[in-house]
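Below is one structure, written out as structure tokens; comments come after it.
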Amino acid sequence: MSQFHIDQRDYKFLLHDVMDIENMEIEGYGDLDEGFTTAILEEGYKIARDELAPINLSGDREGCRLENGIVHPPKGFKEAFDKLREGGWTGLDCDPEYGGQGLPYLISTAVGEMHVAANMAFIMYPGLTHGAYSSIHAHASEEQKATYLPKMVSCEWTGTMNLTEPHAGTDLGMIRTKAEPQDDGSYAITGQKIFISAGDHNMSENVIHLVLAKIPGGPDGVKGISLFIVPKFMVNADGSLGERNTLGVGKLEEKMGIHGNSTCVMNFDGAKGFLVGEPHRGLKYMFTMMNEARLGVGLQGLAQAEGAYHMAVAYAKDRLQGRDVTGVKNPDGPADPLIVHPDIRRSLMTQKAYIEGGRAMLFMAANLIDKFHRAGDKDADEIASLLIPVVKSFLTDKGFECAVMAQQVFGGHGYIEETGVAQYVRDARIAMIYEGANGIQALDLVGRKLAVNGGKAMRDFFGVIKTELDLHKDDEDFYATYCDPLKDASKTLQAQVMGFVSKGMKAPNYALAGATDFLNLFGLTILALMWVRMAAAAQKAIDSGAGDQEFYKTKLVTARFYMTRILPDIHALAARIEAGETEIMALDSEQF
């Protein structure tokens, strides 16, 4: 059996002690008592531990293979995929009208983190399908929904999104894939797409590709992009599968990580496609999928850090190396375990603080999405949209850093593939790149998201912080320990926002040069807010004397570590932003 481990106490703590979800006035949340969520999390964990984790390392070593135009995933993937489908895990938060279980997105997010931590490459197959489901569900016709969604929810059919082309990555206005109108109302799709995750495989009966293409005669640039459903096999009127469409896999990409996922070059040779919604609105429709995907990628970064962290903790407790300078801790052995050493503790505490704070950030974002979709809260939607680039970029940056720190705990053994920790580093690296590279996320944040509705979402976020601080103003010790650092971070962040406002019109490169530092400053501030909330919930539990007291005390120690050892980085970030763009832009291109 796999040695994979996730401490589910943290999930329960966040859902019930911190968020108190069963008392939120959101459709479906009233059913989420601790007994119900515990049962879901325990069963989801068993799938992760017993089915997904055991094929993570072997899947990485074997990879996928392309034979006679068909992609074969690694050994064991098909059997695990069938068990995931049979358990209903692929449709956890999907619409019951199409066979889903209709649970809140927050619960799907919690389960998803465990599954991704167990096997990121594998979960990308149902993950991409869920994203395609979301776009079709939001924008397709009723006939298209009835045709495709039931079998996508069950993952009898899987889905993809096809955006990138060899010459066009982020700048989608440059895509060349064409969609020629046909007499029967369909379109002939011709072009090549690259980096298509889960682009083809034999684990499902059909693959439903969502493809961005341009209808001839349409507007230039992104305004001329339309979205099409292009199935691998045509679907007959009775729902059965018909002839093979004229599309195929050109090759499998050889990658640094996620070897178990089939990243394909897809060739469309006059393939029959069906327009989703209205012409020339494809980018808007695809962003339904992209926003969900970006939150999911943030989850991937967090989950890879989580998996690597637990391996590092186990290794640090077991590996004997050196002696504690304050006194021998293992007198019967030749050395003390690694975990006695302060620098190892620094590394593990940093990982722990980022992972637990990052999970709270992720759950907050998922809860905001539920507030919008299930309770019609438009303010929640605006804040969620503001946070998505931060969730994606900050959690993947820190997820990768934490995976590297976990690898470092292993020393030379961390560089040896058989320990497994190196795979977490390699798999985590892609999350910083795809679904919009992290630099693009920072530009999106400062160049677009901050200014939406006159900056209302940002002001609302600062209001959330003020409300949280006001809750604790009568507890001087708590406020001084946890709230003062958050207040300082909030003021620092506000000062940088005002700097962008005052200087942005005269020097537009000022904000863009500081965008990445600003995003990280924002991320650190969000985590500070999360740690205040977690510290408050832990202190309340300690005062009551109920529950796992050692667990709650550990939360307080980790919160103090975050406030004193990590959060002060905000001042270095602010100094870099205020240094401006002058030196960044000073050299001519020939001088690099």
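Numbers for residues simply follow the sequence, beginning at 1. Hydrogens, waters and symmetry mates play no part in the numbers below; they use all other heavy atoms, side chains included.
Counted by atom type alone, D7 and H310 present zero donor-acceptor pairs between their side chains at under 3.5 Å. With no hydrogens or angles considered, a side-chain donor-acceptor pair links E578 and Q496 at under 3.5 Å.
Taking the side chain as every heavy atom from C-beta outward, M349 and R565 never approach each other to under 4.5 Å. Within the 4.5 Å cutoff, no side-chain heavy atoms of R560 are placed close to those of W531. D397 has its side chain out of reach of L519: every pair of non-hydrogen atoms, C-beta onward, lies at least 4.5 Å apart. The shortest distance between side-chain heavy atoms of S347 and Q408 does not fall below 4.5 Å. You'll find the side chain of T516 stays beyond 4.5 Å of the side chain of N438, heavy atoms only. Looking only at side-chain heavy atoms (C-beta outward), I430 and K255 stay at 4.5 Å or farther from each other. For the pair L15/L106, a side-chain contact is recorded, criterion being any heavy-atom separation below 4.5 Å from C-beta on. Put simply, the side chain of F13 reaches to within 4.5 Å of the side chain of M534, judged on heavy atoms.
Minimum heavy-atom separation, K214 to G224: CG-O, 3.5 Å. Closest heavy-atom contact between A457 and E382: CB-O, 3.6 Å. Nearest heavy-atom pair, I258 versus D427, reported as atom, atom and distance to 0.1 Å: N-OD1, 2.7 Å. Residue P568 comes nearest to Y562 through the heavy atom pair CD-O, 4.4 Å, listed as atom of the first residue, atom of the second, then distance. Here the closest non-hydrogen pair linking M563 and A528 is CE-O, 3.5 Å. A pairwise comparison of heavy atoms in A353 and I566 identifies CB-CD1, 3.8 Å as the closest pair.
Ring geometry for F122 against Y125 counts as perpendicular: the plane angle is over 60°, on a 0 to 90° scale with 30° as the lower cut. Ring planes of F394 and Y354: perpendicular class, angle over 60° (limits at 30 and 60°). Between Y510 and F500, the two ring planes are perpendicular [angle over 60°; tilted spans 30° to 60°].
A salt bridge is defined here as a Lys NZ or Arg NE, NH1 or NH2 lying under 4.0 Å from an Asp or Glu carboxylate O, and R176 with E165 fails to meet this definition. Using a 4.0 Å cut-off between charged side-chain N and carboxylate O, D379 and K371 make no salt bridge. For the pair R359 and E356, the salt-bridge criterion is not met [side-chain N within less than 4.0 Å of a carboxylate O]. A salt bridge between E435 and K392 is absent, with no side-chain N of the basic residue lying under 4.0 Å from a carboxylate O of the acidic one. Using a cutoff of 4.0 Å between basic side-chain nitrogens and carboxylate oxygens, R426 and E417 are scored as salt-bridged. Using a cut-off of 4.0 Å between Lys/Arg side-chain N and Asp/Glu carboxylate O, D343 and R346 are scored as salt-bridged.
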Original post:
Which is it for Y11 and E113 under the side chain to side chain contact (heavy atoms under 4.5 Å, CB included) test, yes or no, and what are the steps along the way?
Top reply: CA-CA 10 Å; Y11 294 75; E113 189 202 332; 3.2 Å; yes
**OP:** Go through the steps to decide whether E306 and V116 satisfy the test side chain to side chain contact (heavy atoms under 4.5 Å, CB included), and finish with yes or no.
**Re:** CA-CA 10 Å; E306 171 82 4; V116 174; over 6 Å; no
**OP:** Go through Y482 and H472 one step at a time and tell me if the side chain to side chain contact (heavy atoms under 4.5 Å, CB included) criterion holds.
**Re:** CA-CA 10 Å; Y482 306 105; H472 311 293; over 6 Å; no
**OP:** Take V265 and K193 through the test side chain to side chain contact (heavy atoms under 4.5 Å, CB included) and record every step on the way to the result.
**Re:** CA-CA 6 Å; V265 172; K193 300 289 184 176; over 6 Å; no
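The backbone N or O of S385 sits less than 3.5 Å from a side-chain atom of K449, completing a donor-acceptor pair. Between the side chain of S490 and the backbone N or O of L486, no donor-acceptor pair lies under 3.5 Å. Panel note: side chain R281, backbone S226; no donor-acceptor pair is recorded below 3.5 Å. Checked by atom type and distance alone, the side chain of H139 never pairs as donor or acceptor with a backbone atom of V276 at under 3.5 Å. For Y424 (side chain) and A117 (main-chain N/O), a donor-acceptor pair under 3.5 Å exists by modelled atom type. The closest donor-acceptor contact from the side chain of S393 to the backbone of P389 lies at 3.5 Å or more, if one exists at all.
A distance of 8.0 Å separates CD1 of I107 from CZ of F363, quoted to the nearest 0.5 Å. The structure places CD1 of I584 at 9.0 Å from CG of N509, a figure rounded to the nearest 0.5 Å. Between atom OG of residue S108 and atom NE2 of residue H130 there is a gap of 5.0 Å, rounded to the nearest 0.5 Å. In this structure, CD in Q441 is found 6.0 Å from CG in D444, a value given to the nearest 0.5 Å. How far CD1 of I196 is from SG of C264: 8.5 Å, rounded to the nearest 0.5 Å. Annotation: the span from Q407 atom CD to Y315 atom OH amounts to 12.0 Å, rounded to 0.5 Å.
A 6.0 Å sphere centred on NZ of K456 holds more than 12 heavy atoms belonging to other residues, nucleotides or ligands. Around atom NZ of K487, no more than 12 heavy atoms belonging to other residues, nucleotides or ligands sit under 6.0 Å away. For D220, the CG atom sits in a loose shell: 12 or fewer heavy atoms of surrounding residues, nucleotides or ligands are nearer than 6.0 Å. Open room surrounds CE on M585; 12 or fewer heavy atoms of other groups in view lie less than 6.0 Å from it.
For the side-chain contact (heavy atoms from CB on, under 4.5 Å) with L227, the qualifying choice from L210, V211, L283 is L210, the only one to do so. For the side-chain contact (heavy atoms from CB on, under 4.5 Å) criterion with L212, the lone passing option out of L172, T177, V222 is L172.
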